[in-house]
Protein chains: 4
Amino acid sequence: MLNVTLELFATKGYHATKVSDIVSKAGVAQGTFYWYFKNKEEIALQIIEEGKRQLLEVIHQGYRKDQGCINDMIQSSKRLMHNLLTFASENRNLMLFLFLKGQGADLKIRNAISETLFEMEVNFSKNIYRAIELGMLEDRDYVPLQAQMLTNMITGLIARWQFGPLYDWDYTPTVPINVVVDEIVHFEFFGLLLSGGRR
Amino acid sequence: MLNVTLELFATKGYHATKVSDIVSKAGVAQGTFYWYFKNKEEIALQIIEEGKRQLLEVIHQGYRKDQGCINDMIQSSKRLMHNLLTFASENRNLMLFLFLKGQGADLKIRNAISETLFEMEVNFSKNIYRAIELGMLEDRDYVPLQAQMLTNMITGLIARWQFGPLYDWDYTPTVPINVVVDEIVHFEFFGLLLSGGRR
Amino acid sequence: MLNVTLELFATKGYHATKVSDIVSKAGVAQGTFYWYFKNKEEIALQIIEEGKRQLLEVIHQGYRKDQGCINDMIQSSKRLMHNLLTFASENRNLMLFLFLKGQGADLKIRNAISETLFEMEVNFSKNIYRAIELGMLEDRDYVPLQAQMLTNMITGLIARWQFGPLYDWDYTPTVPINVVVDEIVHFEFFGLLLSGGRR
Amino acid sequence: MLNVTLELFATKGYHATKVSDIVSKAGVAQGTFYWYFKNKEEIALQIIEEGKRQLLEVIHQGYRKDQGCINDMIQSSKRLMHNLLTFASENRNLMLFLFLKGQGADLKIRNAISETLFEMEVNFSKNIYRAIELGMLEDRDYVPLQAQMLTNMITGLIARWQFGPLYDWDYTPTVPINVVVDEIVHFEFFGLLLSGGRR
DNA sequence: TATGAATGAGCGTTCATTCAT
DNA sequence: CATGAATGAACGCTCATTCAT
């Protein structure tokens, strides 16, 4: 039922998705829904929770562990972005819901989503701090701000890349995944690396 | 009525805003709403239309017109970003609605918003192409992709800067506007400029 | 305004006709309507009143005055029916409203219409009684019942003849007026005349 | 719910009957209505459909099957009319809705009703043609027109007989059913039979 | 576990009517 | 005489939720 619901949330949006839509698509009766979930809000929260877990797992795997040269850093970033975009390709509905449609839902759900995005940010921050610790980047102020920019750039780009300017579910990406990875990492690299000790 | 409605849309979201909320906040009767607007959807579309107009006007004013050195380009970018962030500060509700909450509304509204963001992108693209023409930037592929990244970075940053990680209307920015401008332009500068002839 | 309103009542029906339809078709402002008429009901009642006057005038002109033979009676009936059908052709909207659509309006209006039809009946009754007085018809019971049947036959036929089986305003009669007159009078003649002294 | 609704439609008319009237009279909640019917229009259409079925069944049973003399034809007509009037007595609300109030409803409903009346006409036409085939009546033009007159006469008479000149639901018929049957059949007999070969 | 009929609060919208100008 | 903006009661309909089976 989670997958079915996520698909509906992603395409129609939270409010426009009726519980009756969910159950009819899932092939069960209306009442059955309420055996599995307390209410409509809860299924959304579960979806977000599970999505967050997977998303952070992907990001976590790209975490820099060893010291290395600039090139190692770039390679590591590329690997992370590649994993992220691959995950995005395999979880289109999740991306659409988390990065776009979700903000139209009710407060509690919006907050759960915001929290997810914030944790992404935190991980990017950690990544940057780690790179500084490892001596790969010079120390700087405003690491969180830079992590924000990265997050926005990445989530926004994933949405636009996958769904086009009108955020259409049936859109087919026109740019190969490698190009997107390169562009992001390029921005990231120059944005972060060359900012040097600016503080 | 437009301002009152925008505020409600921005804080509660489109669906959670009842027409009765709008009219009671505006101090008129329920029926009066329908004298001025065909229905709830139309007022949203009008708000978006007007917001788009203003937003694009701000962006257009930052359009590069004269050739210049690298420094001119940076200054011009800073001026544009400063205008944009100032406009954002003075139109918090519009930002919240366009960049976040709006995607939870119905198809027609979402499309109108997407179109607005897309036109921002197009303007950034034009800006980049213009800089190439003027010899300020080397020629490159994927200008639209870079414009997308810029747009995402900027809109996302505006939202996060103004409303914090939980997108809370009562949040107060913790980072001074100049720092944000510097960071954005830094990213933009290195991202775009130093990408050189990579194609 | 009366004509405009009658046309709308006849085509759309009483309830489906909005005061705003009337005034926009009449080319005046909404408020003006209420200078001429107390409310929507009143204009309907005025229309019915005026229609009744005209209708009864037509019927009254066909009233038998002089004694005569059977043939005189048939000729007189034919003349009456011809006048009635001619009037109907020239007052399609009135027919449609009185004989069909009107019964869907509110109580007071329905009663005004019923009264109109009843007065038609009364006149037919008088006509029959007069013919009996003049010795053109034998005396009989149930004259009112026969008058009812005549009325129903005539009003129904007028509606069906002018507007077809679906009561469509744009329908064009397929049967010439003389044929209709002949058929009605034939029915009337044999129905009334030959019923002889049956009592 | 169908019976309850028919009663309300027949007494108050379609537009004046609120869904809340229906459900409160039926003793269920507002929402329950929409579990059984798509909307208010649909229940009207179902009522008409069912009414048509029953009405045509009654008429069909009176269909002439065997050849016979004039008297057989009259007897057969009387039986049909008697059945029809008996059915009408037992389905007062249906009569009131189909023959009077229904024409005030919206287009789709009006058309469904018109269709019902038209099928009555068609059946009467068939009956006449069958009588011609059987040699009980001479051939003639304008059979459909005569069927129309019959239908109008009969439906109108049923309405007036049952509900009086003001079409009042609480009216009690003042004329015994047999008299009405006799009068109708008399009109029909002389109207149809004696019209001979007039063409 | 699972069903699906039943609920009812709440919403968007309509439209006859009013009234200051 | 005429306007048209403003009113607000009332309606049809939706849909998340409940509960007897």
Side-chain angles (χ1 to χ4, degrees), chain A residues 1 5 8 12 14-24 26-44 105-106, chain B residues 1 5 12 14-24 26-44 106, chain C residues 1 5 8 12 14-24 26-44 105-106, chain D residues 1 5 12 14-24 26-44 106:
Chain A
M1 196 127 52
T5 306
L8 288 167
K12 312 174 66 151
Y14 177 79
H15 273 112
T17 299
K18 296 177 256 175
V19 174
S20 65
D21 290 336
I22 296 172
V23 294
S24 78
V28 296
Q30 189 100 348
T32 309
F33 179 90
Y34 289 88
W35 190 83
Y36 287 105
F37 307 99
K38 189 157 63 63
N39 51 34
K40 189 178 162 186
E41 193 178 56
E42 212 214 46
I43 198 173
D106 297 327
Chain B
M1 196 125 56
T5 306
K12 313 174 67 151
Y14 177 78
H15 275 113
T17 299
K18 299 173 256 172
V19 173
S20 63
D21 292 336
I22 296 172
V23 294
S24 78
V28 294
Q30 189 97 350
T32 308
F33 179 91
Y34 291 90
W35 176 262
Y36 290 100
F37 307 99
K38 191 159 62 63
N39 50 34
K40 190 178 161 186
E41 191 179 58
E42 212 215 45
I43 198 173
D106 297 325
Chain C
M1 194 128 51
T5 306
L8 288 166
K12 313 175 66 151
Y14 176 79
H15 274 111
T17 299
K18 297 177 254 174
V19 173
S20 65
D21 290 336
I22 296 172
V23 294
S24 79
V28 296
Q30 189 102 346
T32 310
F33 179 90
Y34 290 88
W35 190 84
Y36 288 104
F37 306 100
K38 189 157 63 65
N39 52 32
K40 189 178 163 186
E41 193 178 54
E42 212 214 46
I43 198 173
D106 297 325
Chain D
M1 196 124 57
T5 306
K12 312 175 67 151
Y14 177 78
H15 274 112
T17 299
K18 298 173 256 172
V19 174
S20 64
D21 291 335
I22 296 172
V23 294
S24 78
V28 296
Q30 188 99 351
T32 308
F33 179 90
Y34 291 90
W35 176 262
Y36 290 101
F37 307 99
K38 192 158 63 65
N39 51 33
K40 189 178 160 187
E41 191 179 58
E42 212 215 45
I43 198 173
D106 296 325

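Just so it is clear, the values below take in all heavy atoms, side chains as well, and ignore hydrogens, waters and symmetry mates. Throughout, a chain's letter reflects where its sequence line sits, starting with A, and its residues are numbered from 1.
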Checklist entry - Roughly how far apart are A:D21 CG and A:L8 CG, rounded to 0.5 Å? => result 6.0 Å

Checklist outcome for this item: Between the CD1 atom in A:I22 and the CE atom in A:M1, the distance rounded to the nearest 0.5 Å is 8.0 Å

Item to check | Length of the CD1-C1' vector between A:I22 and F:dT14, whole Å | outcome: 15 Å

Checklist entry - Rounded to whole angstroms, how far apart are CZ on A:F37 and C1' on E:dA2? => result 15 Å

Item to check | Exercise: identify the closest heavy-atom pair between C:Y34 and C:V19 | outcome: OH-CG2, 3.8 Å

Checklist entry - Is it true that the NZ or CZ of D:K40 lies under 6.0 Å from the centre of D:F33's six-membered ring and within 45 degrees of the ring axis? => result no

Side chains of [X] and [Y]: closer than 4.5 Å at any heavy-atom pair?
X	Y	answer
C:Y14	D:H15	no
D:T32	D:V23	no
A:Y36	A:I43	no

Next on the checklist: In dot-bracket form, 5' to 3', how is DNA chain F paired? Count Watson-Crick and G-U wobble pairs only if both distances fall under 3.5 Å, and write | where the partner sits on another strand.
Outcome noted: .||||||||||||||||||||

Checklist outcome for this item: Expected string for nucleotides 13-21 of chain E under the B/S/- scheme (protein heavy atoms, under 4.0 Å, primed atoms plus P, OP1, OP2 as sugar-phosphate) is BBSSBB---

Next on the checklist: Assuming nearest nucleotide by heavy-atom distance, tell me which of B:G27 and C:Y36 is located more 5' along DNA chain F.
Outcome noted: C:Y36

